[in-house]
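Working notes, beginning with the structure itself.
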Amino acid sequence: MQDENNEFMEQVQLAVETIHASRHCTGFTGAGISVESGIPPFRGDNGLWSKYDPMVLDLSYFHRNPEESWKVIKEIFYTFFGKAQPNAAHTLLAKMEQQGMLNAVITQNIDTLHHQAGSRNVIEYHGSSRKLVCTSCGRETEPTEEVLKGSPPRCDCGGVWKPDFIFFGESIPSEALAQSQYEAEHCDCMILIGTTGEVYPAATVPQKASAHRATIIEINPSPSLYTDQITDIFIQAEAVKAGKALQKKLFA
Ligand code: APR
């Protein structure tokens, strides 16, 4: 236990020194950063995909079965996510940006918690849940209770609303792709929080950063696909524990 704590503090110290020495640091986050905000991850025993069929987020399935897909989308992404609050790991990244220690956060999450924590330069690699787009006329709207009432929710033109995050079978938004590419090529430090490295093309972002010689700091309670491949400093802990320890040392 004592050894584990010493190892944890050593890695935190190394991360702090790396961040202080960095000229351009970028965050890269996955579902794990929001677990302690009450949002379950996708994979693993208690993951969303053990309860729901990922098929509901397949684009062609959604077009064929909008009512069924929307039932699950509402349950997961609006009723449930809607209540979540940012935690110490989200605020760490927001504070770092405010203090000029972080250039951007690239997130695979669609939960908007980075914005809620105060981060400004957030690259939403998979889009976000804060907007709906009409599949027929292309109009955009906010997912208010009123709009979400329908089953499936429909635009005035009769088209079905679709959340503005990407479904399986859709491409990464081009602006997010270009901005992430830029970050990966220009950062000298990348902080990965709560991500498996199993989902492509997102996983290529930290790989590219490492290939461009960025130091990779990883926070995750369990080793990921990145840990042995590209991670330089592994803080083996939950996001909140690591986030609090880093905040204490970085802003002391
Ligand atoms: N703190 C930090 N990391 C955690 C925590 C925690 N409290 N709890 C779990 N994790 C880690 C897990 O060990 C795992 O590595 O977070 C990761 C969660 O894995 P996934 O749910 O697979 O999330 P992610 O890799 O972000 O998935 C990416 O998958 O289905 C798609 O589009 C979806 O954006 C999502 C993508």
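Both counts, for ligands and for their atoms, begin at 1 and track the order of listing. Position 1 is the first residue of the sequence, and the numbers go up from there.
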Checklist entry - Taking the minimum heavy-atom distance to atom 22 (O) of ligand 1, which of Glu218, Glu36, Arg43 ranks first? => result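 Residue with the shortest heavy-atom distance to the ligand atom: Arg43.
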
Do [X] and [Y] have side chains that get closer than 4.5 Å, going by heavy atoms?
| X | Y | result |
| --- | --- | --- |
| Gln11 | Glu218 | no |
| Glu10 | Val12 | no |
| Phe234 | Asn220 | yes |
| Met55 | Phe168 | no |
| Gln108 | Thr195 | yes |
| Val199 | His126 | yes |

If you have a sec, work out which protein heavy atom is nearest [atom] and how many Å separate them, to one decimal?
| atom | answer |
| --- | --- |
| atom 17 (C) of ligand 1 | Gly194 O, 3.5 Å |
| atom 12 (C) of ligand 1 | Asn220 OD1, 3.6 Å |
| atom 5 (C) of ligand 1 | Gly32 O, 3.6 Å |
| atom 28 (C) of ligand 1 | Gln108 OE1, 3.3 Å |
| atom 14 (C) of ligand 1 | Thr196 CG2, 3.6 Å |

Checklist entry - So, does Phe165 sit close enough to ligand 1 that a heavy atom of it is under 4.0 Å from the ligand? => result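 The answer is no: ligand 1 sits nowhere under 4.0 Å from a heavy atom of Phe165.
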
Checklist entry - Does some non-hydrogen atom of His126 fall short of 4.0 Å from ligand 1? => result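 Within the 4.0 Å threshold, so yes.
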
Checklist entry - Any chance the side chains of Ser119 and His90 put a donor and an acceptor closer than 3.5 Å? => result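 Side-chain D/A pair, Ser119 to His90: absent.
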
Checklist entry - With a 3.5 Å cut-off and no angle check, do the side chains of Tyr61 and Glu68 form a donor-acceptor pair? => result yes

Against heavy atoms of [X], which atoms of ligand 1 measure under 4.0 Å?
| X | answer |
| --- | --- |
| Gly30 | 26 (O) |
| Pro41 | 18 (C), 21 (O) |
| Trp49 | 30 (O) |
| Pro221 | 1 (N), 2 (C), 3 (N), 4 (C), 5 (C), 10 (N) |
| Ala239 | 1 (N), 2 (C), 6 (C) |

Return yes or no for this condition: an N or O of [X] is under 3.5 Å from an N or O of ligand 1.
| X | value |
| --- | --- |
| Ile33 | no |
| Ala31 | yes |
| Val35 | no |
| Glu238 | no |
| Phe42 | yes |
| Asn109 | no |

Checklist entry - Where on Val199 is there a heavy atom closer than 4.0 Å to ligand 1, on the side chain, on the backbone, on both, or on neither? => result side chain

Checklist entry - Is a side-chain N or O of Ser224 found less than 3.5 angstrom from the main chain of Tyr226, in a donor-acceptor match? => result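 Yes.
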
Item to check | Exam field: side chain Glu124 to backbone Ala176, donor-acceptor pair closer than 3.5 Å | outcome: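 Pair absent, no side-chain N/O of Glu124 close to backbone of Ala176.
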
Checklist entry - Do the ring centers of Phe77 and Phe165 come within less than 6.0 Å of each other? => result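 They qualify: ring centres under 6.0 Å apart.
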
Checklist entry - Of the options His186, Arg23, Glu183, which is the one that meets Asn103 in a side-chain hydrogen bond (donor to acceptor under 3.5 Å, both in side chains)? => result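 One option only clears the test, and that one is Glu183.
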
